[in-house]
2 protein chains.
Amino acid sequence: MDSVLRPYDLGHTQWYVLQLLAINGPLNQREVTRLLEVERATLSTITGVLVRKGLIEQLADDADQRQKVLRITAAGTDLWSTIPDPIELITTVAFAGVDPTDLATAQRVLSEATERLVNHRTEIK
Amino acid sequence: MDSVLRPYDLGHTQWYVLQLLAINGPLNQREVTRLLEVERATLSTITGVLVRKGLIEQLADDADQRQKVLRITAAGTDLWSTIPDPIELITTVAFAGVDPTDLATAQRVLSEATERLVNHRTEIK
DNA sequence: ACAATCTTGTCAGGTGGCTAACAATTAATC
DNA sequence: GATTAATTGTTAGCCACCTGACAAGATTGT
């Protein structure tokens with residue numbers, strides 16, 4: 001994934017943020033952390049990088065002075081339109097010719113496993 | 001995994017290195033990078049941390065002066081014996097009660113997928 | 001034997017993840 | 001209405017991963 005993105009000088013999480021803003025429109029950082037499941041601090045550094053590169057803007061929210069709204073810039077949409085979808089690419093390579101039933105089984109096993117792990121974590125907290 | 005290891009002040013890769021040295025005995029760094037599939041540079045910083053903590057030693061190899069042999073110290077084996085196996089813990093939580101056939105299918109699908117991805121990477125190189 | 005090449009480990013610099021602590025602002029409570 | 005709580009984003013400090021460049025030592029070619 002990173003190797004696909006490297007020519008564009010983007011890390012994979014930077015790509016995810018760009019995707020969100022390109023498709024869903026402006027969002028405040030709190031929303032983005034919820035959707036991408038990363039910590040506020042992590043997103044803070046990533047937005048810093050994207051702002052520095054001029055791909056997104058960070059605007060104050062009038063309703064709540066604590067919050068900042070992220071919006072993709074013209075340069076950002078430009079870049080976005082030229083980048084191939086790395087997820088698409090990976091899944092086609094990885095799962096080409098796999099029996100659909102087996103693939104479904106694998107997905108079920110894994111999603112159940114993650115669910116159990118999440119439950120376990122919240123329990124012991 | 002990291003949450004299990006945090007009380008012992010160990011990162012997960014530090015744990016893997018310790019495991020290797022505790023079970024397989026002394027190894028040079030090249031071997032460790034091969035077995036753990038990490039870059040030389042990555043291992044270099046990790047061995048630095050473990051040496052600083054006094055858990056492993058870094059000795060010059062007489063046969064080849066470039067190489068350095070890693071060996072677990074007494075303090076290292078001590079710590080090792082007190083740490084619970086985080087992998088064991090995770091797999092039992094994650095896959096408890098899963099149908100063995102389904103689990104086998106999932107494993108097969110995933111190992112084939114990684115194989116395809118590895119092949120793809122070496123092809124385009 | 002000597003030069004060119006390969007290998008091993010380290011360092012510098014970058015990405016991305018976390019926790020903990022902080023300032024600013026908003027929401028709750030009394 | 002004033003004090004206390006909670007929320008939002010930033011910063012600092014850590015771990016782990018990578019690439020690229022380097023020095024030192026080992027191999028290979030001629």
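First the proteins, then the strands, lettered A, B, ... as listed; each starts at 1.
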>> Restricting to non-hydrogen atoms, name the atom on Leu79(A) and the atom on Thr82(A) that form the minimum distance, rounded to 0.1 Å.
In response: O-OG1, 2.8 Å
>> Can you tell me which nucleotide in dC18(C), dC18(D), dC17(D) comes closest to the side chain of Glu39(A)?
In response: dC18(C)
> Glu37(B) CD to dA16(D) P: how many Å, rounded?
Replying inline: 17 Å
> Under a 4.5 Å cut-off applied to non-hydrogen side-chain atoms, are Phe95(A) and Glu112(B) in contact?
Replying inline: no
> Mind checking whether Ile87(A) and Val98(A) sit in one hydrophobic cluster, side chains of I, L, V, M, F, W, Y counted as touching below 4.5 Å?
Replying inline: no
Sequence neighbours excluded and cut-off under 3.5 Å, please list the side-chain donor-acceptor pairs for residues 100-110 of chain A, or say none.
unit_1	atom_1	unit_2	atom_2	d
Asp102(A)	OD2	Arg108(B)	NH2	2.8
Thr105(A)	OG1	Thr101(A)	O	3.0
Arg108(A)	NH2	Asp102(B)	OD2	2.8

> What pair of heavy atoms forms the shortest contact from Trp15(A) to Leu5(A), and how long is it?
Replying inline: CB-CD2, 3.7 Å
>> Could you tell me how far apart Leu59(A) (CG) and dT8(D) (P) are, to the nearest whole angstrom?
In response: 18 Å
>> Each nucleotide in nucleotides 6-14 of chain C should get exactly one letter: B, S or -. Can you fill that in based on protein heavy atoms under 4.0 Å?
In response: -BBBBB---
> Axis-to-axis angle across the helix from dA1(C)-dT30(D) to dT25(C)-dA6(D), five pairs an end, to 10 degrees?
Replying inline: 10°
Residues 33-41 of chain A side chain polar contacts: donor-acceptor under 3.5 Å, at least two apart:
unit_1	atom_1	unit_2	atom_2	d
Thr33(A)	OG1	Arg30(A)	O	2.6
Arg34(A)	NH2	Glu31(A)	OE1	2.9

>> Please report the distance, rounded to the nearest Å, between CG in Asp61(B) and C1' in dG25(D).
In response: 12 Å
> So which one's nearest nucleotide on DNA chain C is more toward 5', Gln65(A) or Arg52(A)?
Replying inline: Arg52(A)
> Where do Met1(A) and Pro86(A) come nearest, in terms of heavy atoms and distance?
Replying inline: CE-CG, 4.0 Å
>> Does anything in residues 7-20 of chain A come within less than 4.0 Å of DNA chain C? Heavy atoms only, and list the residues if so.
In response: Gly11(A), His12(A), Thr13(A), Gln14(A)
>> Looking at every non-hydrogen atom in both residues, tell me the closest pair between Leu70(B) and Leu21(B) and how far apart they are.
In response: O-CD2, 3.6 Å
> When the distance from CZ of Arg34(A) to P of dG9(D) is rounded to whole Å, what number comes out?
Replying inline: 13 Å
> Side chains of Glu115(A) and Val118(A): does their closest heavy-atom pair fall under 4.5 Å?
Replying inline: no
> When syn is taken as a glycosidic angle within 90 degrees of 0, is dA4(C) syn or anti?
Replying inline: anti
> Tell me: CD1 of Ile46(A) to P of dT10(D), nearest whole Å?
Replying inline: 12 Å
> In whole Å, what is the span from the CG atom of Asp62(B) to the P atom of dG25(D)?
Replying inline: 14 Å
>> What is the distance, to the nearest angstrom, from the CE atom on Met1(A) to the C1' atom on dT15(C)?
In response: 13 Å
Identify every side-chain donor-acceptor pair in residues 45-59 of chain A under 3.5 Å, counting partners at least two apart or on other chains, and give the distances.
unit_1	atom_1	unit_2	atom_2	d
Thr45(A)	OG1	Thr42(A)	O	2.8
Thr47(A)	OG1	Leu43(A)	O	3.1
Thr47(A)	OG1	Ser44(A)	O	2.8
Lys53(A)	NZ	Asp9(A)	O	2.6
Lys53(A)	NZ	Gln14(A)	OE1	2.7
Glu57(A)	OE1	Arg71(A)	NE	3.3
Glu57(A)	OE1	Arg71(A)	NH2	3.1
Gln58(A)	NE2	Gln29(A)	OE1	2.6

> If every non-hydrogen atom of Gln65(A) is compared with every non-hydrogen atom of Asp62(A), which pair is closest and at what distance?
Replying inline: OE1-O, 3.4 Å
